[in-house]
Amino acid sequence: MAETPGYILEICNLYYSYDNRNNVLSDINLGIKKGEKIAILGANGAGKSTLFLNMNGVYNNRSGEIFLYGTKITRKNINTLRQNVGYVFQEADSQIVGTTVLNEVSFGLVNLGLPESEIQKRTISILKEMGLYNYKDKPPHYLSGGEKKRVAIAGVIAMQPEIILFDEPMASLDPGSSLMFENILAKLENEGKTIIISTHNTDFAYKWAERIIVLDNGSIIADDKPVKIFTSDEILKRANLGKPMLLQVYEIIMKKYGKNLNTYGNAPKSINEFARWFNGLTI
């Protein structure tokens, strides 16, 4: 299958198996445009992490094709994919190798061969943004789970890849760290980065994403706008997903006051949007 113009990353007819018998991913066809904000949802074992590991080249013994900027990825140019697609693992301990927080965050930059001045500039900047500067000389294994997750995120962001894959980034983060992460996301969005987040948090996905992809048993069963996904009882049931709380409250109010439940175009996606909508109701 040939690549399609307009996509920064395209996956065509991707199959992947760990044992050469049972497919973990089956016939994945996916096009990603620059600057998209995508959430990938699915139950445990649906294939989300495996898809990410194929998308950034950690796994490359697959069946199918991947194109980056229109160029087919092969074993010869796999490092180009890895440099342009950053991946933050779900478990920070699987990613952290540095002896100090400073070494860990700068590790990828050193491997890129950047000048020392640029390495220091980027490292210090992201440590401050992630609230980690005071931990810079501390061994990562002394940190809490949430702090380790922030270190792993900082190390990938510092490399400035065009596409960033976050695997369950909110796991282990306390409310303050979660807010900090959302602020980092906003900064990356303003820089035009393409962000793809795997999450079980449907409230976050509904609020943040512009596009949602749903995986079930290694296959894509839905790819649409959040409101379309979360108002489909069939998709939610099949993928074992809960409906976002804000959307549930919206539906209850609409039902109680006899509004047209089929009109979801203006359903609020954040607390602020909900407040403006609710305050504008005439009951």
Quick one: are [X] and [Y] in side-chain contact, heavy atoms under 4.5 Å?
X: Asn84; Y: Tyr69; answer: yes
X: Leu14; Y: Leu51; answer: yes
X: Asn29; Y: Ile220; answer: no
X: Lys269; Y: Leu246; answer: no
X: Met55; Y: Ile196; answer: yes
X: His200; Y: Asn44; answer: yes
X: Asn103; Y: Val97; answer: no

What residues, two or more places apart in sequence or in another chain, satisfy salt bridge (charged side-chain N to carboxylate O under 4.0 Å, His left out) together with [X]?
X: Glu273; value: none
X: Asp137; value: none
X: Asp224; value: none
X: Arg82; value: none

Consider only side-chain heavy atoms of I, L, V, M, F, W and Y, link residues closer than 4.5 Å, and tell whether [X] and [Y] are in one cluster.
X: Val156; Y: Leu114; answer: no
X: Phe107; Y: Leu132; answer: no
X: Leu185; Y: Met159; answer: no
X: Tyr15; Y: Ile213; answer: no
X: Ile126; Y: Tyr135; answer: yes

Lys/Arg N to Asp/Glu carboxylate O, [X] vs [Y], below 4.0 Å:
X: Lys187; Y: Glu191; answer: yes
X: Asp167; Y: Lys48; answer: no
X: Lys138; Y: Glu147; answer: no

Under a 3.5 Å cutoff, is there a donor and acceptor pairing between the side chains of Ser17 and Asn20?
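Note: Ser17 and Asn20 side chains miss the donor-acceptor criterion.
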
Hey, could you give me the [atom1]/[atom2] distance between [X] and [Y], rounded to the nearest 0.5 Å?
X: Leu143; Y: Lys148; atom1: CG; atom2: NZ; value: 7.0 Å
X: Asn183; Y: Ser178; atom1: CG; atom2: OG; value: 11.0 Å
X: Ile195; Y: Ile32; atom1: CD1; atom2: CD1; value: 12.5 Å
X: Leu9; Y: Leu30; atom1: CG; atom2: CG; value: 7.5 Å
X: Glu65; Y: Thr74; atom1: CD; atom2: OG1; value: 11.0 Å
X: Ile66; Y: Asn13; atom1: CD1; atom2: CG; value: 11.5 Å

Closest approach of [X] to [Y] (non-hydrogen atoms, all atoms of both residues):
X: Ala239; Y: Ile221; answer: CB-CD1, 4.2 Å
X: Ala158; Y: Leu109; answer: O-CD2, 3.2 Å
X: Ala39; Y: Trp208; answer: N-CZ3, 4.2 Å
X: Pro226; Y: Ala209; answer: CG-O, 3.3 Å
X: Lys149; Y: Gln90; answer: CE-O, 3.2 Å
X: Pro268; Y: Tyr250; answer: CD-CD1, 3.4 Å

Atom CG of residue position Asn217 - does it have more than 12 heavy atoms of other residues, nucleotides or ligands inside 6.0 Å?
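Open.
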
More than 12 heavy atoms from other groups under 6.0 Å of CG on Asn240
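Atom CG in Asn240 is not crowded, with 12 or fewer foreign heavy atoms closer than 6.0 Å.
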
Write out all pairs satisfying salt bridge (charged side-chain N to carboxylate O under 4.0 Å, His left out) with one or both partners inside residues 12-34, taking only residues at least two apart or from two chains.
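Applying salt bridge (charged side-chain N to carboxylate O under 4.0 Å, His left out) to every pair that reaches into residues 12-34, excluding sequence neighbours, yields Asp19-Arg21, Lys34-Glu162.
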
Short question: side chain of [X], backbone of [Y] - any donor-acceptor pair under 3.5 Å?
X: Asp203; Y: Met245; result: yes
X: Gln248; Y: Lys243; result: yes
X: Arg150; Y: Gly131; result: yes

Between Asn134 and Leu127, does a side chain to side chain contact (heavy atoms under 4.5 Å, CB included) hold up when you go through it step by step?
CA-CA 9 Å; Asn134 291 335; Leu127 285 174; over 6 Å; no

For Ile235 and Lys228, run side chain to side chain contact (heavy atoms under 4.5 Å, CB included): C-alpha distance rounded to whole Å, both residues' side-chain angles, the deciding distance at 0.1 Å, then the answer.
CA-CA 10 Å; Ile235 292 172; Lys228 294 290 187 181; over 6 Å; no

List the steps and the verdict of side chain to side chain contact (heavy atoms under 4.5 Å, CB included) for Ile40 and Leu165.
CA-CA 10 Å; Ile40 297 185; Leu165 312 176; over 6 Å; no

Scan residues 16-62 for pairs that pass ring-ring contact (aromatic ring centres under 6.0 Å, His included), counting only residues two or more places apart or in two chains.
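Non-adjacent pairs meeting ring-ring contact (aromatic ring centres under 6.0 Å, His included): Tyr16-Tyr18, Tyr16-Tyr59, Tyr18-Tyr59, Phe52-Tyr87.
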
Checking side chain to side chain contact (heavy atoms under 4.5 Å, CB included) for the pair Gln160/Lys193: CA distance, chi angles, key distance, verdict?
CA-CA 9 Å; Gln160 299 181 356; Lys193 299 296 184 183; 4.1 Å; yes

Identify the residue among Gln120, Lys121, Arg122 that makes a side chain to side chain donor-acceptor pair (under 3.5 Å) with Glu118.
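For Glu118, the side chain to side chain donor-acceptor pair (under 3.5 Å) test succeeds with only one of Gln120, Lys121, Arg122, which is Arg122.
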
Cation-pi check, Lys136 to Tyr133: give yes when NZ or CZ is under 6.0 Å from the six-membered ring centre and within 45° of the ring axis, no otherwise.
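Flagged: Lys136 positioned over aromatic ring of Tyr133.
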
